[in-house]
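Here is the structure we will look at, set down as structure tokens.
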Amino acid sequence: MTTPFRQIPQPRSSSQPSQMSRSAPQARRELPPWTLHPQTRRRCLRANSLLPDYFEHMANEPSIGLYHVQEHIRRSVPFLASTQRALDAQKKKAEDVCYDLDFALLTVKGFHEMDGFQKIKRQISASIMAIEAMEQQRQQQEAQQP
């Protein structure tokens, strides 16, 4: 059974013969394989197979997060913009009503101070009194005429 793990050759001193002159297959056969427990070997292979996925996930994690933020903004901004426009329109209407109300209050307060309205009020009171007096005279004349 051959394993993917091989022992790395140690640097050769000048006293050892060079293995570079040998062919590659012979050099591989001479290196002893690592002796790993089968369960350890499976775990190492599994870790090796999962590392690229892990690194890819870690490299893409910030961009995935930013993608979700971008999608949230893309969905939310049109609604928020339309709500802002509606709120601005209502604010404008409220300001107009407040301006009209302030103007109306000033006008009503001015009615108390105007002499023309006081004169009209006195004339109306005088007219009512005159009408009542005329009504009493008419009733007296009708009472006198049998």
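Side-chain N or O atoms of Ser76 include none that pairs as donor or acceptor with a backbone N or O of Ile73 at under 3.5 Å.
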### Message
Test side chain to side chain contact (heavy atoms under 4.5 Å, CB included) on Glu71 and Arg75; report intermediate values, then the result.
### Response
CA-CA 6 Å; Glu71 285 300 308; Arg75 284 189 310 264; 3.8 Å; yes

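Interatomic distance, CD of Gln39 versus SG of Cys44, reported as 11.0 Å (0.5 Å rounding). The structure places NZ of Lys91 at 9.0 Å from CD of Gln84, a figure rounded to the nearest 0.5 Å. Taking OG from Ser127 and CD from Glu132, the interatomic distance works out to 11.0 Å, rounded to the nearest 0.5 Å. How far OG1 of Thr107 is from NZ of Lys109: 11.0 Å, rounded to the nearest 0.5 Å. Here Tyr67 contributes atom OH and His72 contributes atom NE2; the two are 14.0 Å apart, rounded to the nearest 0.5 Å. To the nearest 0.5 Å, atom CE of residue Met134 and atom CE of residue Met129 are 14.0 Å apart.
In summary, of the residues considered (Arg138, Gln144, Gln140, Gln145), a side-chain contact (heavy atoms from CB on, under 4.5 Å) with Glu142 occurs for Arg138 alone.
Under 4.0 Å is where a charged nitrogen must lie from a carboxylate oxygen, and between Lys92 and Glu95 no such pair does.
A pairwise comparison of heavy atoms in Asn48 and Pro52 identifies O-CD, 3.2 Å as the closest pair.
Both Ile120 and Ile128 belong to a single network of hydrophobic side chains, linked directly or stepwise wherever heavy atoms of I, L, V, M, F, W or Y lie under 4.5 Å apart.
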